[in-house]
> 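There's a structure below that I have some questions on.
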Amino acid sequence: MNSTILYVEDELSLGKIVKESLQRRGFEVVLESDGAKALALFKQTRPAVCVLDIMLPNKDGFEIAEEIRALDPQVPILFLTAKTQTADLVKGFTLGGNDYIRKPFSLEELIVRIDNVLRKTGRPLAAPADHIKIGKFRFYTNRQVLVNGREEKKLSYREAELLKLLYENRDGIIDRKSILNLLWGNDSFFNSRNLDVYITRLRMCLKEDENLEILTIKGVGYRFVLD
């Protein structure tokens, strides 16, 4: 089954994190930041779904969607935008968009919406793995449970989502702003303090495995280390 996503996003930090997280979940993702190059990439990859930011340099998401629709009337198109005007919503759907996601958005919302449009075209996502092995732990993502031997720790929804995001981006640094926007919806001071609390809680949960560490990269974000 083709699981390629064409993702056009000019916020490079956000784009990288979303791309890597989707790849960890079994998608092939091609990321482009320049709207003028998106159509050529579409022709090259023939993706299963297109995720298009609207505000892009050189060519906006609406123009890209119109060009894609001329080539392929069926491929699902999801728009990403910070705009809230009804006229923009109408324009997006008029041009053949299948769904519309307002920024900031959570990664889980994006995945659910991608799954929905693929189901409508008869190409649903494969069932996710039952659990993730993280060092000594087994992390049951659906139940939000972290297991070490016979000991189980029930995580809150946001703790589980934060751990999943850190794990999925374990090969690099994930910046605070992107975490806050993806999991809380904005990077306000209040949510930033909440993030500090959740990081501390996760460190306590993972302390039994000395090879696991959530490193703080001062002024930037975090790096999840698995030795």
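Given the structure is predicted, the values throughout are model-derived calculations rather than measurements. Scope of the values below: all heavy atoms of this structure, side chains included, with no hydrogens, waters or symmetry mates.
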> How far does CG of Leu212 sit from OH of Tyr167, to the nearest 0.5 angstrom?
10.0 Å
> Is there a path of hydrophobic side-chain contacts, each under 4.5 Å between heavy atoms, that joins Val8 and Leu71?
yes
> Do Leu226 and Asn211 make a side-chain contact, defined as non-hydrogen atoms from C-beta onward lying under 4.5 Å apart?
no
> Can you classify the ring geometry of Phe79 versus Tyr100 as parallel (below 30°), tilted (30 to 60°) or perpendicular (above 60°)?
tilted
> May I ask you to decide if Ile77's main-chain N or O and Asn98's side chain share a donor-acceptor pair within less than 3.5 Å?
yes
> How about Glu66: does its CD atom have over 12 heavy atoms from other parts shown lying under 6.0 Å from it?
no
> Testing the basics here: between Phe139 and Leu146, what is the closest heavy-atom pair and its distance to 0.1 Å?
CB-CD1, 3.8 Å
> Considering only heavy atoms from C-beta outward, does the side chain of Leu107 approach that of Lys164 to under 4.5 Å?
no
> Checking Lys16 side chain against Ile174 main chain: does a donor-acceptor pair fall under 3.5 Å?
no
> Verify the neighbour count for atom NZ of Lys153: are there more than 12 heavy atoms of other residues, nucleotides or ligands below 6.0 Å?
yes
> So which of Arg223, Arg203, Arg176 actually passes side-chain hydrogen bond (donor to acceptor under 3.5 Å, both in side chains) with Thr216?
Arg203
> Does the side chain of Leu182 come within less than 4.5 Å of Phe105's, by heavy atoms?
yes
> For a quick test of reading the model, state the closest non-hydrogen atom pair linking Val75 to Ile68 and the distance between them.
CG1-CG2, 3.7 Å
> Going by heavy atoms in the side chains, are Glu161 and Leu165 under 4.5 Å from each other?
no
> In this structure, are over 12 heavy atoms from other groups packed under 6.0 Å from Lys133 atom NZ?
yes
> Do Lys91 and Thr94 come within less than 4.5 Å of each other through their side chains, counting heavy atoms only?
no
> Has the side chain of Asn58 got a donor or acceptor atom that lies under 3.5 Å from a matching backbone atom of Asp34?
no
> Set out, in order, the CA-CA distance, both residues' side-chain angles and the distance that settles salt bridge (charged side-chain N to carboxylate O under 4.0 Å, His left out) for Glu9 and Lys103, then state yes or no.
CA-CA 12 Å; Glu9 170 65 72; Lys103 287 184 170 182; 2.9 Å; yes
> Are there over 12 heavy-atom neighbours, none belonging to Glu28, within less than 6.0 Å of that residue's CD?
no
> Give a yes or no on whether a salt bridge exists between Arg201 and Glu159, defined as a side-chain N under 4.0 angstrom from a carboxylate O.
yes
> Which atom names give the shortest non-hydrogen contact between Gly149 and Val147, and what distance separates them?
O-CG1, 3.4 Å
> Evaluate the side-chain proximity of Val30 to Pro47: yes if any heavy-atom separation is below 4.5 Å, no if none is.
no
> Got Asp53 and Leu80 here, is their nearest side-chain heavy-atom distance under 4.5 Å?
yes
> Is a side-chain donor or acceptor of Glu63 paired with a backbone partner of Asp60 at a separation under 3.5 angstrom?
yes
> Would you say Phe224 and Asn169 make side-chain contact, with heavy atoms under 4.5 Å?
no
